[in-house]
Participant: 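Below: one structure in structure tokens.
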Amino acid sequence: QVQLVESGGGLVQAGGSLRLSCAVSGNIFRINTMGWYRQAPGKQRELVASITSGGSTSYGDSLKGRFTISRDNAKNTVYLQMNSLQPEDTAVYYCNADVRPSFLSSFSQTWGQGTQVTVSS
């Protein structure tokens, strides 16, 4: 069984920074793309950033430049460095990974439980 555990969320003032981490554990043969999504109250879940196993990144609209995604393949961990945070960044942030548990398995999308990020004005 595969588990994603996020950490690093919390309360921060506008202009501040936070670093989120997401560790993948359990049966892991290979991890493809990893990413971060967020969902604010009353809004749909949206992509924040994603990173392939080779290190190619993509970002949601207007987030590149403030947010940076990275990963440590040896630790099966993905990070999200968030700078210059604004109140509109307030949301639950979810980690996502495309995981192949074994040689005989196919890849499947797995989600973390989410971590709250609150930015006060």
Participant: Just distance, no hydrogens or angles: give the donor-acceptor pairs under 3.5 Å from side chains in residues 38-46, sequence neighbours left out.
Facilitator:
residue	atom	partner	partner atom	Å
R38	NE	E46	OE2	2.7
R38	NH1	D89	OD1	2.9
R38	NH1	Y93	OH	3.0
R38	NH2	E46	OE2	3.2
Q39	NE2	K43	O	3.2

Participant: Which atoms form the tightest heavy-atom contact between S58 and L47, and what is the distance?
Facilitator: OG-CD2, 4.5 Å
Participant: Hydrophobic cluster membership, with links at side-chain heavy-atom distances under 4.5 Å among I/L/V/M/F/W/Y: are V119 and V92 in one?
Facilitator: no
Participant: Looking only at heavy atoms, what is the nearest atom pair of S50 and T33, with distance?
Facilitator: CB-CG2, 4.0 Å
Participant: To the nearest 0.5 Å, what is the distance between CG (N32) and CD1 (I51)?
Facilitator: 11.5 Å
Participant: Restricting to side chain to side chain donor-acceptor pair (under 3.5 Å), what partner residues turn up for S17, sequence neighbours left out?
Facilitator: N83
Participant: Same hydrophobic cluster for M82 and L63, using side-chain heavy-atom links shorter than 4.5 Å among ILVMFWY?
Facilitator: yes
Participant: Please list, chain by chain and in numerical order, all residues satisfying side chain to side chain donor-acceptor pair (under 3.5 Å) with Q3, sequence neighbours excluded.
Facilitator: none
Participant: Of all residues at least two apart in sequence or in a different chain, which pass the ring-ring contact (aromatic ring centres under 6.0 Å, His included) check with Y37?
Facilitator: W111
Participant: Please round to the nearest 0.5 Å and tell me the distance separating atom OG1 of T77 and atom CD1 of I31.
Facilitator: 8.0 Å
Participant: Nearest 0.5 Å, what's the CE-OG1 distance between M34 and T110?
Facilitator: 10.0 Å
Participant: Let me confirm one number: the CG-CD distance from L20 to Q81, rounded to the nearest 0.5 Å.
Facilitator: 9.0 Å
Participant: Please round to the nearest 0.5 Å and tell me the distance separating atom CG of N76 and atom CD1 of I28.
Facilitator: 4.0 Å
Participant: At what distance, to the nearest 0.5 angstrom, does OG of S56 lie from CD1 of I69?
Facilitator: 11.5 Å
Participant: Show me the pairs that pass side chain to side chain donor-acceptor pair (under 3.5 Å) and involve residues 19-30, at least two apart or across chains.
Facilitator: none
Participant: Give me each pair satisfying side chain to side chain donor-acceptor pair (under 3.5 Å) with a member in residues 112-121, each pair once, sequence neighbours excluded.
Facilitator: E6-Q113, Q116-T118
Participant: Give a yes or no on whether L80 and V5 share a hydrophobic cluster (residues Ile, Leu, Val, Met, Phe, Trp, Tyr; joining criterion: side-chain heavy atoms under 4.5 Å apart).
Facilitator: no
Participant: Residues two or more places apart in sequence or in another chain: which of them pass side chain to side chain donor-acceptor pair (under 3.5 Å) with E88?
Facilitator: none
Participant: V117 and Y94: same hydrophobic cluster, using ILVMFWY side-chain contacts below 4.5 Å?
Facilitator: no
Participant: For N73, check side chain to side chain donor-acceptor pair (under 3.5 Å) against everything at least two apart and list the hits.
Facilitator: R71
Participant: Does anything in residues 56-90 pair up under ring pair (Phe, Tyr, Trp, His ring centres under 6.0 Å), and if so which pairs, sequence neighbours excluded?
Facilitator: none
Participant: Hey, could you give me each pair passing disulfide (SG to SG under 2.5 Å) that has a residue in residues 18-121? Not counting sequence neighbours.
Facilitator: C22-C95
